Enquirer: 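Quick one: the structure is below, and I'll ask about it shortly.
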Amino acid sequence: MKTPFRTRRAFLKTSAIAAASLPFAGALASRAQTAAPGRKLGFALAGLGSLSTHQLAPALQKTNFCKLTGIVTGHPAKAEAWKAQYNIPDKNIYNYDNMETMADNPDIDVVYVVTPNGLHAEHTIKAAKAGKHVLCEKPMEVSVEKCQQMIDACQAAGRRLAVGYRLHFDPNHLECVRLAREKVFGGVKMIEAGFGFRIGDPSQWRLNRALSGGGPLMDVGIYALQATRYLTGEEPILVSAVATNTDLAKFKDIEETITWQLKFPSGIIGESSCTYTFGGVDRFTVFAENGWFGLDPAYNYRGLQGRRSDGQWTAFGPMDQFAAEMDSFAQSILSNQPAKIPGEEGLRDLKIMMSIYEAARTGKTISLT
Ligand code: NAD
């Protein structure tokens, strides 16, 4: 049976509550700012791989405040194909070595960094030095130090830095944040969250620590970590973890599967896992005093499914998480407001993920306070 879409009014009410609670930025705050589009900001995608090709470039066509005006690529053949498909002039096509010359190009306001994790700082800092705002894909970088360098570079350039946490703009996640924060099922006691898939090509950068910073934790576990943080609205105080590698040929210097536990100040426990070796885990469940709710699947681009112990979940209409994320960033720039998901949010996750790795390595419970 098809479930009716929620009314716009109900969605706005839901989102306004969620948006009021940090650290979950919420789509509503950006909707509240929505005015008739005036100038659209020019976006340059840096890194024309899978995400840029299949998600970001199509999403840019659906935005109200953004337009695809430039690209940064190391592959001349890709540049030709994108130039033809998206009508990008030669003067707006850059490579990783000449990005700084964007400084004199008014067609580009924002650089969206979509390269492997361990190159985010290099490309963010180059864009900031060219006077561009930066939206950077998750994870923000591979170390706390590099995240801080990115924040410092954007601050020194007087430009905004945001992290591409698309689920902050998905109404299913907003609804779960509302259910948790309003204690609709009573106080939250425990959250289980997990995300994993079976990784293919053994030569890909995701399996190379220098470029990835780690295994599934950096890539997909970060979504489970984010969920436990924004559902509770709290920062964890303790972490313990266990990692395992059963395929030592494929997972030479990164974890294959890792589970971790977080304790939050109110006493809520977060129990999370992620893997590169099996699928079927893409969910979170929030257990509260009088019932439970969650999403399964929870972290996909579309098709998220809500569940509640009282059977009352109402489905949401389709939306493009990436278009909402980019519009929110553009609106923050156009209205001179802080970014909804600033670099500091990405830095917080890096600090926690480094502690998860330390806990797994040492077998000790790590204090995060
Ligand atoms: P990808 O491998 O498909 O693309 C990476 C791009 O970076 C390629 O165009 C490649 O040519 C370029 N590149 C530049 N220098 C490189 C180098 N030294 N080695 C390898 N590639 C290099 O990866 P992707 O899946 O598009 O991921 C890119 C970023 O986006 C990652 O940070 C990833 O975590 C993130 N991502 C986010 C989501 C999301 O849902 N938000 C989804 C997928 C990927």
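Only a predicted model underlies this, so the values are computations on that prediction, with no experimental measurement involved. We count ligands from 1, going down the list as the structure has it; atoms in each ligand are counted the same way.
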Enquirer: Which one of Ser52, Gly49, Pro116 has a non-hydrogen atom at the shortest distance from atom 9 (O) of ligand 1?
Expert: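 Answer by nearest heavy atom: Gly49.
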Enquirer: Any donor-acceptor pair under 3.5 Å linking the side chain of Lys132 with the backbone of Ala44?
Expert: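 No; judged by distance alone, with no hydrogens or angles, the pair does not exist.
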Enquirer: Does Leu48 offer a backbone N or O that forms a donor-acceptor pair with the side chain of Lys78 under 3.5 Å?
Expert: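 Side chain of Lys78 to backbone of Leu48: a pair is present.
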Enquirer: Below 3.5 Å, N or O to N or O, backbone or side chain included: is there any such pair between Leu51 and ligand 1?
Expert: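 Yes, Leu51 has an N/O under 3.5 Å of an N/O on ligand 1.
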Enquirer: Could you tell me which atoms of ligand 1, counted from 1 in the order shown, lie closer than 4.0 angstrom to a heavy atom of Leu119?
Expert: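 This gives 15 (N), 16 (C), 17 (C), 18 (N) as the contact atoms.
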Enquirer: If you apply the rule side chain to side chain contact (heavy atoms under 4.5 Å, CB included), what do you find for His173 with Tyr299, and how did you get there?
Expert: CA-CA 9 Å; His173 285 255; Tyr299 312 107; 4.3 Å; yes
Enquirer: Taking Asp282 for its side chain and Pro297 for its backbone only, find out whether a donor-acceptor pair lies under 3.5 Å.
Expert: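 Flag not set: sc Asp282 to bb Pro297 has no pair under 3.5 Å.
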Enquirer: Measure Arg206 to ligand 1 on non-hydrogen atoms and call it side chain, backbone, both or neither using the 4.0 Å cut-off.
Expert: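 Contact part for Arg206 vs ligand 1: side chain (C-beta onward).
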Enquirer: Examine distances only and state if a side-chain atom of Gln321 and a backbone atom of Tyr301 form a donor-acceptor pair shorter than 3.5 Å.
Expert: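 Such a contact is found between Gln321 side chain and Tyr301 backbone.
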Enquirer: Under 4.0 Å from a heavy atom of Glu137: which atoms of ligand 1 are those, numbered in the order shown and with their elements?
Expert: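 Checking each atom against Glu137, I get 30 (O), 35 (C), 36 (N), 37 (C), 38 (C), 39 (C), 41 (N).
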Enquirer: Within ligand 1, which atoms have a heavy atom of Tyr301 less than 4.0 Å away?
Expert: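 Numbered from 1, ligand 1 contributes 40 (O), 42 (C), 43 (C).
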Enquirer: Please report the interatomic distance CD(Gln149) to NE2(His120), rounded to the nearest 0.5 Å.
Expert: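 Nearest 0.5 Å value for the CD-NE2 distance: 14.5 Å.
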Enquirer: Indicate yes or no for a side-chain donor-acceptor contact from Asn245 to the backbone of Phe251 under 3.5 Å, with no hydrogens or angles considered.
Expert: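 Yes, the answer is positive, given that a donor and an acceptor are paired below the 3.5 Å cut-off.
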Enquirer: Could you establish whether His120 and ligand 1 come within less than 4.0 Å of each other, counting only heavy atoms on the residue side?
Expert: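 Yes, His120 has heavy atoms under 4.0 Å from ligand 1.
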Enquirer: Counting each atom of ligand 1 from 1 as listed, which ones have a heavy atom of Tyr96 under 4.0 Å away?
Expert: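 What qualifies from ligand 1 is 12 (C), 14 (C).
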Enquirer: May I ask you to list the atoms of ligand 1 that are less than 4.0 angstrom from any heavy atom of Leu48?
Expert: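 So the atoms of ligand 1 that pass are 9 (O).
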Enquirer: Measure Phe322 to ligand 1 on non-hydrogen atoms and call it side chain, backbone, both or neither using the 4.0 Å cut-off.
Expert: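 Answer for Phe322: side chain.
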Enquirer: With a 4.0 Å heavy-atom cut-off (strictly under), which part of Thr73 contacts ligand 1: side chain, backbone, both or neither?
Expert: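 Neither; nothing of Thr73 gets under 4.0 Å from ligand 1.
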Enquirer: With a cut-off of 4.0 Å, which atoms of ligand 1 are near a heavy atom of Arg166?
Expert: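 Every atom of ligand 1 under 4.0 Å from some heavy atom of Arg166: 39 (C), 40 (O), 41 (N).
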Enquirer: For Lys250, look at atom NZ and say whether over 12 heavy atoms of other residues, nucleotides or ligands are found less than 6.0 Å away.
Expert: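 Yes, enclosed.
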Enquirer: Provide, to 0.1 Å, the distance between atom 11 (O) of ligand 1 and the closest protein heavy atom, together with that atom's residue and name.
Expert: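 The closest heavy atom on the protein side is His75 NE2, 3.4 Å.
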Enquirer: Any chance you could measure Phe284, atom CZ, to Tyr223, atom OH, to the nearest 0.5 Å?
Expert: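 These two atoms lie 14.0 Å from each other.
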Enquirer: Answer with side chain, backbone, both or neither: which part of Tyr223 has a heavy atom less than 4.0 angstrom from an atom of ligand 1?
Expert: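 For Tyr223, only side-chain atoms sit under 4.0 Å from ligand 1.
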Enquirer: At a 4.0 Å cut-off, with the gap strictly under it, does some heavy atom of Lys78 reach an atom of ligand 1?
Expert: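 Contact check Lys78 vs ligand 1: positive.
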